[in-house]
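One structure is given below, encoded as structure tokens.
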Amino acid sequence: MEAHSMSGHVGLSGEDVGDPDGFRKHQNHHQDIGDVLQQVMAITDESLEEAQARKHALNCHRMKTALFDVLCEIKEKSALSIQGVQEKDSPEPHLMRLDNMLLAEGVAGPERGGASAAVVAAAAGGSPEDGTLEHAEYREKLSQIRQIYHAELDKYEQACNEFTSHVMNLLREQSRTRPISPKEIERMVGIVHRKFSSIQMQLKQSTCEAVMILRSRFLDARRQRRNFSKQAVETLNEYFYSHLANPYPNEETKEELAKKCCISVAQVANWFGNKRIRYKKNIAKYQEEVNVYAMKAAGDAVSVSSVASSANSPATPNSGGYPALCYTPDERL
DNA sequence: AGTAATGATTCAAA
DNA sequence: TTTGAATCATTACT
């Protein structure tokens, strides 16, 4: 009687209240289900063998199909909420950036020579011939990073696959006792993959950092500075001091100077940038240079005019110590 | 060795 | 984008 009243809420919908047989059956079922649930709840406290045995027993239980149906029903109802929590597939712009960078640095993607290193060297304004020798060590280190990167990546891939198949086996096994749709398995696999890809991203991140450090260590142009030739400095100074009022060569002039000095336009721009600020900072220090180049310019003018007008003018004083070969007319010999 | 000179880079401002 | 300013890292010199 108490059982009846206790479980009244279940029996309310039943039309079999007056049916003793049906009632008995119902009661038995309730007790049965209670037992089964008890067993299920206790399963975590048991040893593995016991649990396996219990699982087997449950699978063979006569109520199993009924339980399964109940689970299916519950799942059906909660399916909506699961559908609502659809995983949003974020495109991961950060990951894309890392990938692109690794590809650009030659860490990811196909094996290749020091193409990127050469490009970087050229962009930095170095002369093209100094590339290969200086970058041998760089390439070696880069390939080390590359090797480690790929080894790690493979390891992660393998671990991911192992784990995925493990999870899938587990789910398949579980699908015997509870309803699991392929979609759910797919979702779990997706979660696993995302976890592993986040680990991969860490690897990519640190690889990127390592490459950046390596790059700044070896490819930084400051580390292989070569002074310009005397002739180049001469040419640049000539322009600078003869345009002291406005030492800002336009693009065309820069190109011209670059060609004359066998350096890049960027280097010309650098030189003028440095020269302007350093001159301005300490004009007194550069006064001597000002005089030297002023005299030179004057000397040039005289020399040119003398050549043009009369071949036997008084010898121009070669005071500045500038290379005579550039200015001495051949007819002098 | 210590220091000055020098080419390159970075970053803010115009 | 270009420039100025500060700074870095190397080379040249004493």
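Naming: A, B, ... by sequence-line order, numbering from 1 per chain.
For the 3.5 Å distance criterion, the side chains of A/Asn161 and A/Thr164 fail to qualify, holding no donor opposite an acceptor. Side chains of A/Gln147 and A/Ser143: a donor-acceptor N/O pair is absent below 3.5 angstrom, by distance only.
Residues passing the salt bridge (charged side-chain N to carboxylate O under 4.0 Å, His left out) test with A/Asp69, sequence neighbours excluded: none. Taking the salt bridge (charged side-chain N to carboxylate O under 4.0 Å, His left out) definition, one finds that A/Glu289 meets it with A/Lys275, sequence neighbours left out. A/Asn227 meets the side-chain hydrogen bond (donor to acceptor under 3.5 Å, both in side chains) test with A/Arg225; sequence neighbours excluded. With sequence neighbours excluded, the residues that form a ring pair (Phe, Tyr, Trp, His ring centres under 6.0 Å) with A/Tyr241 are A/Tyr293. Legend: residues meeting side-chain contact (heavy atoms from CB on, under 4.5 Å) with A/Ala269, ordered by chain and number and at least two apart, are A/Lys254. Legend: residues meeting salt bridge (charged side-chain N to carboxylate O under 4.0 Å, His left out) with A/Lys155, ordered by chain and number and at least two apart, are A/Glu152. Take A/Arg172 and apply the salt bridge (charged side-chain N to carboxylate O under 4.0 Å, His left out) test, not counting sequence neighbours, and it matches no residue.
Residue A/Gln267 places at least one side-chain N or O under 4.0 Å from the OP1 or OP2 atom of B/dA8.
For residues 156-202 of chain A, no residue pair satisfies the ring pair (Phe, Tyr, Trp, His ring centres under 6.0 Å) rule, not counting sequence neighbours.
When all heavy atoms of A/Cys261 and A/Leu236 are compared, the pair lying nearest together is SG-CG, 4.0 Å. The two atoms that bring A/Glu184 and A/Ile180 nearest to each other are OE1-CA, 3.4 Å, heavy atoms only.
At whole-Å resolution of the value, CD in A/Glu289 and P in B/dT6 are 7 Å apart. A/Asn270 places its CG atom 14 Å from the C1' atom of C/dA9, with the value rounded to the nearest Å. For the pair A/Phe240 CZ and C/dT3 P, the computed distance is 13 Å after rounding to whole Å.
A heavy atom lying under 4.0 Å from DNA chain B marks the following residues of residues 271-281 of chain A, by number: A/Trp271, A/Asn274, A/Arg278. Against DNA chain C, the stretch residues 242-258 of chain A makes heavy-atom approaches under 4.0 Å through A/Tyr248, A/Lys254.
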All N/O contacts under 3.5 Å from nucleotides 11-14 of chain C to the protein, with atom names and distances to one decimal?
from: C/dT11; atom 1: OP1; to: A/Arg226; atom 2: NH1; distance (Å): 3.1

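Note on the helix from B/dA1-C/dT14 to B/dA14-C/dT1: angle between the axes of the first and last five pairs equals 10°, rounded to 10 degrees.
The hydrophobic cluster containing A/Tyr279 also contains A/Val233, counting ILVMFWY residues as joined when their side-chain heavy atoms lie under 4.5 angstrom apart, directly or transitively.
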